[in-house]
Amino acid sequence: LTHLAHELKIPLNSIICFSSILLRKQQKQLAKDIAKPMEMKQMERILDNGRQLLRLINNTLEVARADSEQLTLTVESVQLRPLIKTVMEALEPSIERKNIELAMNCEQGPKQVMTDSLRLQQILTNLVSNAIRDTDRGNVTIASYIVTDPVAADSASTRWALVVCDAGRGISEEMQAKIFEPYFQAGKETLPESSGLGLTIVRKLVQLLQGEIKLESTLGQGSTFTIFLPKTLEQS
């Protein structure tokens, strides 16, 4: 399965790449026109479905690596705000057809942490992508703050929190107990683009980064995912 997933990514990346080029050319030519021709709408659907398939393949690979304990860490000093901005910029195209605003509130958070930059970015991308998919209007906010343990004297033991809050559909209490299980979906009719793997990967990566994740949600009123991580990740 892992080998097949790798092989599928090669032609899929080509489809996405060339479709993006064609769409950009057509957008420039028709920049002054208000109405979108049918060809552009179809090309946008090709891109959307291609990206969704690529996410599914990447998620499948991540789960396979985690289950076989092949996930590795590269601990380094990470500037938090630039990393969050990178994720926000990458996901901005997905809010173009929605009445959503991406916001960041990191004034109370650490400027830098010692952790794995790639894994932290994967966690944040999955959570924000889910928040955007589940929200039709309102804000999707990324926040951070420092959590200090009053018992610990060593500053290295200080934890920090990463929060992703949305104004979306919310998750029922019954579903919250199962939301991190592999391939679980909180209703295909409400989450048509969900593969059921994103939150499983998030939980595995959070555990890998020696942290914990908590969910607070009310049906119809949005969800808040809070991740607690060590400010300095211990290398084994």
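Index from 1, following the sequence. Side-chain atoms are counted along with the backbone in the values below, which use heavy atoms only and exclude waters and symmetry mates.
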Using 0.5 Å steps for rounding, measure from the CD atom of Q112 to the OG1 atom of T232. 9.5 Å
Does CD belonging to E216 count more than 12 external heavy atoms closer than 6.0 Å? no
Atom CG in L205, atom CZ in R119: separation rounded to 0.5 Å? 6.0 Å
Using the rule given for side-chain contact (heavy atoms from CB on, under 4.5 Å), can you reason through Q79 versus K85, listing the C-alpha separation, both sets of side-chain angles and the distance that settles it, and then say yes or no? CA-CA 11 Å; Q79 297 292 322; K85 285 182 179 178; over 6 Å; no
Here the pair of heavy atoms bringing S172 nearest to L219 is N-CD1, 3.7 Å
Are F228 and T226 packed together at the side-chain level, in the sense that at least one heavy-atom pair is separated by less than 4.5 angstrom? yes
Less than 4.5 Å apart, any side-chain heavy atom of L83 and any of V78? yes
Please report the interatomic distance CD1(I95) to CG(L91), rounded to the nearest 0.5 Å. 9.0 Å
Can you give me the closest heavy-atom contact between N130 and R133, atom names plus distance? OD1-NH1, 3.1 Å
Minimum heavy-atom separation for R169 to D134, with atom names? NH1-OD1, 3.0 Å
I146 side chain near Q108 side chain, heavy-atom distance below 4.5 Å: no
Counting only heavy atoms not in K98, do more than 12 fall under 6.0 Å of its NZ? yes
Go through the steps to decide whether I179 and L215 satisfy the test side-chain contact (heavy atoms from CB on, under 4.5 Å), and finish with yes or no. CA-CA 10 Å; I179 201 72; L215 165 63; 4.0 Å; yes
To the nearest 0.5 Å, how far apart are CZ in R137 and CD in E101? 15.0 Å
Are the side chains of F225 and V202 in contact, using a 4.5 Å heavy-atom criterion? no
Are the side chains of D166 and T141 in touch, meaning some heavy atoms are under 4.5 Å apart? no
Can you find a pair of side-chain heavy atoms, one from L102 and one from I132, that are under 4.5 Å apart? yes
Show your working on side-chain contact (heavy atoms from CB on, under 4.5 Å) between I213 and L199 and close with a plain yes or no. CA-CA 10 Å; I213 183 168; L199 289 177; 5.6 Å; no
Which pair of non-hydrogen atoms, one from V87 and one from Q121, has the smallest distance, and what is that distance? CG2-CG, 3.6 Å
Point-to-point distance, once rounded to the nearest 0.5 Å, from CG of L127 to CD1 of I142: 9.5 Å
Side-chain contact, heavy-atom cut-off 4.5 Å: S117 with T74? no
Going from CD1 on I15 to OG on S20, what distance comes out if it is rounded to the nearest 0.5 angstrom? 11.5 Å
Just wondering, do L209 and L73 contact through their side chains at under 4.5 Å, heavy atoms? yes
Of all the heavy-atom pairs spanning D116 and L118, show the shortest one and how long it is. OD1-N, 3.0 Å
Search all heavy atoms of S217 against all heavy atoms of G222 and return the closest pair with its distance. OG-O, 3.0 Å
